[in-house]
Q: 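Sharing a structure, written as structure tokens. Questions coming.
Letters A, B, ... mirror the listed sequences (proteins, then strands); counts begin at 1.
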Protein chains: 2
Amino acid sequence: MAQKTAPDSTRRSERSRRAIYDAALELVGEVGYGKMTIEAIAARAGVGKQTIYRWWPSKGAVLLDAFLDLAEQANAQLSEKAGLAEPAQDIPDTGDLEADLKYVLRATVDEMTDPKFDAPARALAAEGVVNEQLGADFVEKLLEPQLQHYVRRLRAGQERGEVAPHVDVRIALELWTGPLAQRWMQRTGPLSHAYADRLVEYALYGITPR
Amino acid sequence: MAQKTAPDSTRRSERSRRAIYDAALELVGEVGYGKMTIEAIAARAGVGKQTIYRWWPSKGAVLLDAFLDLAEQANAQLSEKAGLAEPAQDIPDTGDLEADLKYVLRATVDEMTDPKFDAPARALAAEGVVNEQLGADFVEKLLEPQLQHYVRRLRAGQERGEVAPHVDVRIALELWTGPLAQRWMQRTGPLSHAYADRLVEYALYGITPR
DNA sequence: CACCGACGAGACGGGGCGTCTCGTCGTACA
DNA sequence: TGTACGACGAGACGCCCCGTCTCGTCGGTG
């Protein structure tokens, strides 16, 4: 038995859930993750503390759900603008791997620079480094689906001879996602379109003379 | 004016400083960074709380100094074993760039796997993601000096034709440090010697057919 | 339309925060 | 060698947040 008496999710208040998400996202931007408290979230959301403790085990879990919701909304808006039905953002396949990768990596840079995403994403990434459970959820629900887009695009390229057949594509994609994530998290250098372009070039063609 | 009255560092108790370092490193391993408290550090070190607050602004700063001290000791021990005078660990230059890089990257993997380093390093990396000041200190005092070893080795290789002349070596080194850091922090895959080898190969020769 | 459980509100003991005030002790300098 | 000055260990203080609990109330389900 994990929980004493599981709450009845059919009676859950949608209104409260949304208010909690909004409050959490606001607070993490205003005071930072460390000083964000569950009491403050409850107060700002106009909600009892127990309502938060009933549905989430920690403030990290609250923020993760809030951020997933935010990402989903943003994604839906993008699909709508593009006139698409509802598929997630896939990587273009124009037959020019270098151009396709640069296109999506530049978009990723823009997203990482957007202050609306930056504060909560940083908080979750940081908490995931230290909290293994939350880190696994963060990776599974947010990061890995993104990485799978690269896997598919690289495999398609491999069948077409754009990528060498012996290459492990799951490792190859880290050649650009790793450096980008590192610069974002550690602030070891500027995050620019030019930087994204260099990463793609070096990863595709190597740094030794050809 | 930053501080009211600066403490007199000539009268500082070395004994207390060491005890605080030891206590901090033990506690971060036992209870985790989030549950590590300054009260507990003081109690375990047999020290008044004020002594900690007098010399450090936060528990993150305490842990950073403790870890820097630990790293320095470990480094000194390595130099001693090798019979060297006192220079920091440099990257070998046998003329075979691929072999040299694999050698040091495998060593880095071993270090990241060592539980004695893992807990405090994770805590500091995580705190640095969210706390800009501590992150800058962490990068400047610990990370960047390591990266500069790669810069020197790659520049030497560049003059010898091992690395293409147009390549920005400060970006190039991130092709393997970035992915490694990402796997370590996000736990997105196993950290093995084989993985380190693949990264070096892909970075040097690219993932497209040659 | 009745019931039942999620809801907002807030009291509660526990504990860590950061500041403060003791008396003691050890080091720097005369 | 002596003295003064400030760091030291110890711990009290008010504050805030933790996570749990107990109220009535309110709204969705069956």
Q: Search all heavy atoms of Leu134(B) against all heavy atoms of Leu124(B) and return the closest pair with its distance.
A: CD2-O, 4.0 Å
Q: Between dT25(D) atom C1' and Arg15(A) atom CZ, what is the distance in whole Å?
A: 15 Å
Q: Rounded to whole Å, please give me the gap between NZ in Lys59(A) and P in dC18(D).
A: 7 Å
Q: Please report the distance, rounded to the nearest Å, between CD1 in Ile38(A) and P in dC16(D).
A: 18 Å
Q: To the nearest Å, give me how far apart OH (Tyr53(B)) and C1' (dT21(C)) are.
A: 16 Å
Q: For nucleotides 5-12 of chain D, just jot down a letter per nucleotide in 5' to 3' order: B, S or -, based on protein non-hydrogen atoms under 4.0 Å.
A: BBSBSB-B
Q: Go through the steps for Glu144(B) and Gln148(B) under the test side chain to side chain donor-acceptor pair (under 3.5 Å), then give the verdict.
A: CA-CA 6 Å; Glu144(B) 195 61 32; Gln148(B) 286 303 319; 3.1 Å; yes
Q: Without decimals, in angstroms, what is the distance between Lys35(A) NZ and dG16(C) C1'?
A: 16 Å
Q: To check you understand the geometry: which heavy-atom pair defines the closest contact between Gln182(A) and Ala181(B), and what is its length?
A: NE2-CB, 4.1 Å
Q: Minimum heavy-atom separation for Leu147(B) to Leu173(B), with atom names?
A: CD2-CD2, 4.0 Å
Q: Parallel under 30°, tilted from 30 to 60°, perpendicular over 60°: which one fits the rings of Phe117(A) and Phe67(A)?
A: perpendicular
Q: Closest heavy-atom contact between Thr113(A) and Val109(A)?
A: OG1-O, 2.7 Å
Q: Between Trp56(A) (CH2) and dA6(C) (P), how many Å, whole number?
A: 14 Å
